[in-house]
Asker: 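Here it is: the structure, laid out below.
In what follows, every chain begins at residue 1, and chains take the letters A, B, ... in the order their sequences are listed.
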2 protein chains.
Amino acid sequence: MEHKECMSALLPVRDTLDVIGGKWKILIIISLWEGNKHFREIERSIPKLSTKVLSKELKDLEENQLITRTVLNGFPVRTEYKPTKHSRTLEKVILELQHWGINHRKEMFGDRNEADNAIAVSG
Amino acid sequence: MEHKECMSALLPVRDTLDVIGGKWKILIIISLWEGNKHFREIERSIPKLSTKVLSKELKDLEENQLITRTVLNGFPVRTEYKPTKHSRTLEKVILELQHWGINHRKEMFGDRNEADNAIAVSG
DNA sequence: GTAATCAGTTACCTTTTGGTAAGCAGTTAC
DNA sequence: GTAACTGCTTACCAAAAGGTAACTGATTAC
């Protein structure tokens, strides 16, 4: 009957999922980690990502202090997005999510590798 | 240039978020870990969770082999939901999400490191 | 003036997710 | 037969997330 306790421990979990959940946020962060800095650059680095969604996601990420936005004056006006130090703390989380996903697939589709399954169909 | 590689590494991350993302899944798993077994029992253990959503989420969790469903014959027909061993592998992930959420809150609302971050990156 | 680039915004839709309420099937108890 | 419990399903909505396409504003290049 100690549900209260468990549920309060879950608030931070929900916070985290709100910040990095959704379809694009982690992809965008990684794109920035890879060195992409400008709006169009980021957009082009992630297939199927539209300007509207990117715009919204960048705002969310900035609000959560995972990226910074700087407008540079010059030529055709450029904006520079950079990942913050704080964003680096996500590496461990993302790695953990990745590991679990890999292990989960093994659990779901068998320990044998998929190539085996695909090739040796009819025994 | 190495986007392909990064993106393929992200597939497991997306898998994981699909499995444990959303508003209720982690709560339900934890409710089962706490010992709740029956439909109504789980429903009552999580405030604001409706039968419809619980029903759907339980199916998803069963598909992902995180819980098992057993129908017991007897009295007013009872179903027993139990967390699998595999579900236990989520503990580490959830803990990591929780830690990050807590730390993120400190980062956002604690004044200590704010200036640090903003200045360090735009240098 | 026309085109093209960057960095977005806006309007409009569709899909997904979540919520509300009612109802159904099966069984027990009265 | 009526109520009450369990374990759901169904129909109907509302909100949020995501997608498409057009368009703005600034500036350079021709």
Asker: Checking one residue: B/Val71. Which other hydrophobic residues are in its cluster under the side-chain 4.5 Å linking rule?
Answerer: B/Val77
Asker: Going by side chain to side chain contact (heavy atoms under 4.5 Å, CB included), name the residues that satisfy it together with B/Asn103, two or more places apart in sequence or in a different chain.
Answerer: A/His86, A/Thr89
Asker: Who passes salt bridge (Lys or Arg N to Asp or Glu O under 4.0 Å) against A/Lys92, sequence neighbours left out?
Answerer: B/Glu96
Asker: Going 5' to 3' along DNA chain D, which nucleotides are the first and last within contact of chain A (any atom under 4.0 Å from a heavy atom)?
Answerer: D/dG18 to D/dT27
Asker: The criterion is salt bridge (Lys or Arg N to Asp or Glu O under 4.0 Å); which residues satisfy it with B/Arg40, sequence neighbours excluded?
Answerer: B/Glu43
Asker: Along nucleotides 3-22 of chain C, 5' to 3', which nucleotides get a B, which get an S, and which get a -, given that the test is a protein heavy-atom distance under 4.0 Å?
Answerer: --BBBBBBB------BBB--
Asker: For D/dA26, what is the paired nucleotide under Watson-Crick or G-U wobble rules, both distances under 3.5 Å?
Answerer: C/dT5
Asker: Looking only at heavy atoms, what is the nearest atom pair of B/Val93 and B/Ile20, with distance?
Answerer: CG1-CD1, 4.1 Å
Asker: Taking only residues two or more places apart in sequence, or in another chain, which ones meet B/Asn64 in a side chain to side chain contact (heavy atoms under 4.5 Å, CB included)?
Answerer: A/His104, A/Met108, B/Val19, B/Leu66
Asker: Going by the salt bridge (Lys or Arg N to Asp or Glu O under 4.0 Å) test, which pairs reach into residues 75-89 of chain B, not counting sequence neighbours?
Answerer: B/Glu80-B/Lys82, B/Arg88-B/Glu91
Asker: Sort and list the pairs that fulfil salt bridge (Lys or Arg N to Asp or Glu O under 4.0 Å) and have at least one residue in residues 22-31 of chain A, not counting sequence neighbours.
Answerer: A/Lys25-A/Glu57, A/Lys25-A/Asp60
